[in-house]
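What follows is a single structure, written as structure tokens, with notes after it.
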Amino acid sequence: MNRLWQRLSVSRKLTVIVAFGLGTFVISMILLHQYLIFPGFLAMERDLGTREIRRCQVALTQDLRALSEYCDNWANWDDLYGYAATRSPEFDAKNLMKETFTENKLSLIYILNQQGDVLYGEYFDLGLEEFASLDEFPPVRWAVNHPLLRHPKQGAQVTGLMATSRGPLMVSSRPIHPHTFKGTSQGTVILGRLLSNAVELDLEERAQVPFELGRKVHPEGGAARPHDPEMYPEDVAGDLEIDASDPETLVLRLPLHDVTGVPAFEMVVELDREIRRNGVGAVNAYALAAGGVGFLTFVALVWVIQGAVILPLTVLTRHVSRLRTSNQLLELQEAPRGDEIGLLMRTFNHLIRDLRKEREDLLMAHEVLTASESRQSMILESAPDGLFTVTAEGQFESFSRSAEEVFGYTRDELMGLEVKALFCAADQFFVDAAFKRLMDAAHQSGVVEQEVQGVRKDGASVPLHLRMRAFQLDDRPMLTMSVRDISEIKAMHVKVLESKHLAALGEMGAGIAHEIRNPLAGLHGAVQILREPKQLAKAPKEVFDDIIALVERIENIVTRLLQFAKHWNPQMRAWPLRPLLDDFLKELDGTESLAGVEHDTSGMLDAAIEADLFLTRQVLRNLVQNAAEAMGGKGALYWTSRRMEHGVEVVLEDTGPGLDAETLERVFEPFFTTRAQGTGLGLPICRRIMEAQHGAITLSSEAGRGTRVVLLFEEGVTA
């Protein structure tokens with residue numbers, strides 16, 4: 001879809017945009033009328049229907065209230081109270097006659113005593129004007145729990161509708177009391193009015209709404225409610241039901257409860273849906289008008305856009321096409337315009353002029369760049385170090401002539417090799433790990449330097465100084481590698497070390513003569529004493545003990561001397577620093593001279609060092625022993641470590657008395673010692689071991705503030 005849109009011309013895009021905008025407007029307005037305004041018509045129709053049927057309900061309620069008030073007058077009539085007590089025939093002849101029914105529009109009069117016996121009970125058909133029977137009203141005796149007889153307190157009433165065989169009956173019952181309400185009830189009076197056609201017409205005339213009142217079948221277990229003996233006329237109606245399924249007629253049904261609380265009747269009002277028809281007509285008319293206006297607006301907008309935008313842009317695009325094919329930067333010749341299109345054309349001509357000038361400048365710059373690249377290529381080709389550029393996938397991308405000479409490969413052969421293939425197996429792991437580390441974004445600013453063994457094409461091994469550094473080229477991580485053949489440097493280094501070793505041996509000669517002469521002088525004196533027993537000042541055994549101690553001292557000096565003069569060949573590999581130190585300290589447990597020394601290793605980080613495990617432990621043991629002797633066998637040693645740019649530093653600090661400046665300058669001199677029984681070779685041996693591991697050892701101290709030893713190791717890479 002996106003490709004299709006990109007291929008459309010500007011004129012078609014604008015046409016689609018205008019059509020879409022107008023179509024969206026028309027559809028939104030139609031939907032607005034359909035789902036907002038038209039529902040308003042429907043709501044208005046429902047409100048009107050609700051008001052209509054509620055008026056019918058009010059008219060019915062008014063008749064029920066009038067019947068209730070009339071029944072209340074009868075119930076509080078003293079003559080009726082006396083009649084209920086004595087059942088006087090004169091009351092029947094005087095008050096319970098045909099005219100009583102017709103003049104008061106009553107269909108039913110029943111008078112019962114407290115036991116439910118019927119004292120008087122008649123149903124009168126107002127239409128035929130004659131007495132008749134009504135099956136729902138017993139003529140002799142009623143059950144005392146009949147709904148019309150349940151009056152729990154004085155003044156209680158029961159008024160409502162009742163279903164009968166002759167139709168719905170409005171009925172009201174009251175307990176019979178004197179007008180003073182000072183006596184007990186003598187029974188119940190019940191008045192009723194049948195909802196005949198005449199009564200319904202009267203209700204319709206007052207409500208001004210035609211309606212029907214029919215029976216409603218109450219489903220078993222349905223909407224019956226608990227009977228309330230104090231039901232009022234307003235309680236006869238249930239929840240209104242509206243049926244809008246017929247598009248021409250709106251049907252409203254209002255359930256009406258009888259005196260037992262059952263929805264036994266249904267008031268039905270049918271309304272012509274003129275409001276809905278008007279709403280539908282209005283929405284359809286608006287939709288037609290909106291569609292017509294939208295179409296005319298669309299045609300007008302397309303015509304205006306065609307002349308004001310499309311044609312000028314067509315001229316501009318054709319001119320650009322000619323520029324592309326002719327490769328000539330010609331300006332656009334058009335009549336001046338004051339609108340945005342004119343500004344675009346003027347800007348286009350200005351860009352054409354700038355491009356002509358930039359093309360001339362680029363041609364000159366290209367000539368200068370070509371000459372510069374030629375000079376740089378000559379410089380790189382003549383560089384003594386081999387230079388490579390390597391991709392993130394570990395493939396060579398470019399290399400200098402010196403690189404070919406170092407490894408003996410041609411350019412084509414190097415292009416098919418991986419980086420680690422140029423190094424011996426012992427260094428491939430280091431090169432691979434360093435490569436991955438530098439390719440990581442967090443370490444791309446770092447530099448890795450290492451002495452490695454390269455492998456030439458013919459299989460020969462060559463010592464190299466390797467330097468690796470990452471950089472970004474066109475948002476791609478790349479690596480530069482420079483290698484230098486250090487065969488001659490290594491040979492010179494060996495000669496220098498031999499010279500230094502010979503010089504050190506010369507210095508040791510004087511030290512050895514001094515260190516061994518003193519024990520030999522003691523031996524000579526002891527032997528002289530043994531030759532002349534008369535001169536013995538102590539027992540011969542003590543003299544022999546002195547001789548043995550002097551011999552052991554000479555043996556210790558010779559052993560240390562051999563260690564110092566030894567050519568160390570460390571077996572280097574990566575060791576995790578914290579486990580190495582933990583194992584070393586466990587080995588020291590149980591050493592009597594170190595029993596009072598505490599070790600704090602909380603400052604050790606998780607790092608790895610390149611070292612010989614045996615030689616490193618020898619250095620650590622010597623340093624711990626020196627610190628313990630300096631602290632008198634009691635104190636604390638603090639171990640810390642940190643990563644540095646050139647490796648990992650391990651720091652050991654004691655709480656001893658420290659060293660003065662003069663002593664600190666001479667601690668690494670062979671045979672220099674501040675202890676009576678010391679050989680002065682411990683720290684020089686430590687220095688030789690650290691140098692053999694490509695590391696270093698330094699001491700710093702201040703009198704009264706302890707001593708700080710720093711061991712520098714190359715950082716190791718563990719799998």
Side-chain angles (χ1 to χ4, degrees), residues 451 490 492-512 514-515 556-572 575 577 580-581 584 609-630 637 639-642 644 646-654 656 658-675 677-702 706-716:
E451 181 181 330
K490 293 280 288 185
M492 293 177 61
H493 181 64
V494 171
K495 292 181 180 180
V496 171
L497 288 179
E498 291 177 352
S499 299
K500 290 177 64 177
H501 190 56
L502 291 174
L505 290 176
E507 293 179 2
M508 283 193 296
I512 292 170
H514 175 74
E515 290 296 325
N556 186 28
I557 293 172
V558 172
T559 300
R560 289 281 190 167
L561 180 61
L562 291 174
Q563 288 180 340
F564 179 75
K566 182 179 180 181
H567 178 71
W568 300 104
N569 186 22
Q571 303 299 313
M572 303 291 287
W575 296 96
L577 183 56
L580 184 152
L581 182 60
F584 168 71
I609 60 173
E610 284 285 334
D612 183 299
L613 180 61
F614 175 77
L615 296 179
T616 301
R617 287 182 174 180
Q618 182 176 343
V619 172
L620 296 178
R621 188 179 295 107
N622 195 2
L623 294 177
V624 171
Q625 189 66 43
N626 287 349
E629 292 178 1
L637 291 179
W639 298 84
T640 58
S641 62
R642 58 180 178 175
M644 306 296 289
H646 44 276
V648 177
E649 286 188 351
V650 179
V651 182
L652 174 63
E653 296 182 84
D654 63 34
L659 303 174
D660 56 32
E662 182 180 354
T663 302
L664 186 63
E665 290 181 0
R666 303 185 59 191
V667 291
F668 289 108
E669 291 182 9
F671 301 108
F672 175 79
T673 181
T674 59
R675 300 196 304 271
Q677 299 300 321
T679 62
L681 292 174
L683 287 177
I685 291 174
C686 290
R687 170 182 276 183
R688 290 210 59 210
I689 291 175
M690 291 304 296
E691 290 176 349
Q693 298 184 115
H694 309 291
I697 179 173
T698 58
L699 266 73
S700 60
S701 181
E702 188 175 344
T707 302
R708 184 173 186 266
V709 182
V710 179
L711 301 175
L712 175 63
F713 295 91
E714 292 182 344
E715 184 169 4

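Residue numbers run from 1 in the order of the sequence given. These values consider heavy atoms only, across backbone and side chains, with no hydrogens, waters or symmetry-generated copies.
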Measure across [X] and [Y] and return the closest heavy-atom pair with its distance rounded to 0.1 Å.
{"X": "V667", "Y": "P684", "value": "O-CD, 4.2 Å"}
{"X": "D612", "Y": "Q693", "value": "N-OE1, 2.6 Å"}
{"X": "L615", "Y": "P570", "value": "CD1-CB, 3.8 Å"}
{"X": "S701", "Y": "G658", "value": "OG-CA, 3.3 Å"}
{"X": "A611", "Y": "T616", "value": "CB-OG1, 3.3 Å"}

Measure the shortest side-chain to side-chain distance between [X] and [Y] over non-hydrogen atoms and say whether it is less than 4.5 angstrom.
{"X": "L712", "Y": "M690", "result": "no"}
{"X": "F668", "Y": "L699", "result": "yes"}
{"X": "V651", "Y": "W639", "result": "no"}
{"X": "I689", "Y": "I697", "result": "no"}
{"X": "V709", "Y": "N626", "result": "no"}
{"X": "V650", "Y": "L581", "result": "no"}

What pairs with R687 under salt bridge (Lys or Arg N to Asp or Glu O under 4.0 Å), at least two apart in sequence or on another chain?
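So R687 forms no salt bridge (Lys or Arg N to Asp or Glu O under 4.0 Å) with any residue.
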Can you name the salt bridge (Lys or Arg N to Asp or Glu O under 4.0 Å) partners of E610, sequence neighbours left out?
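Checked E610 against salt bridge (Lys or Arg N to Asp or Glu O under 4.0 Å); zero matches.
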Are the side chain of D654 and the backbone of L637 linked by a donor-acceptor contact shorter than 3.5 Å?
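Absent.
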V710 backbone acceptor or donor facing E649 side chain under 3.5 Å:
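Flag not set: sc E649 to bb V710 has no pair under 3.5 Å.
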Straight-line distance of [X] [atom1] to [Y] [atom2], nearest 0.5 Å:
{"X": "Q618", "Y": "L623", "atom1": "CD", "atom2": "CG", "answer": "10.5 Å"}
{"X": "T640", "Y": "L652", "atom1": "OG1", "atom2": "CG", "answer": "8.5 Å"}
{"X": "F584", "Y": "L620", "atom1": "CZ", "atom2": "CG", "answer": "5.0 Å"}
{"X": "I609", "Y": "M572", "atom1": "CD1", "atom2": "CE", "answer": "8.5 Å"}
{"X": "L664", "Y": "E702", "atom1": "CG", "atom2": "CD", "answer": "10.5 Å"}

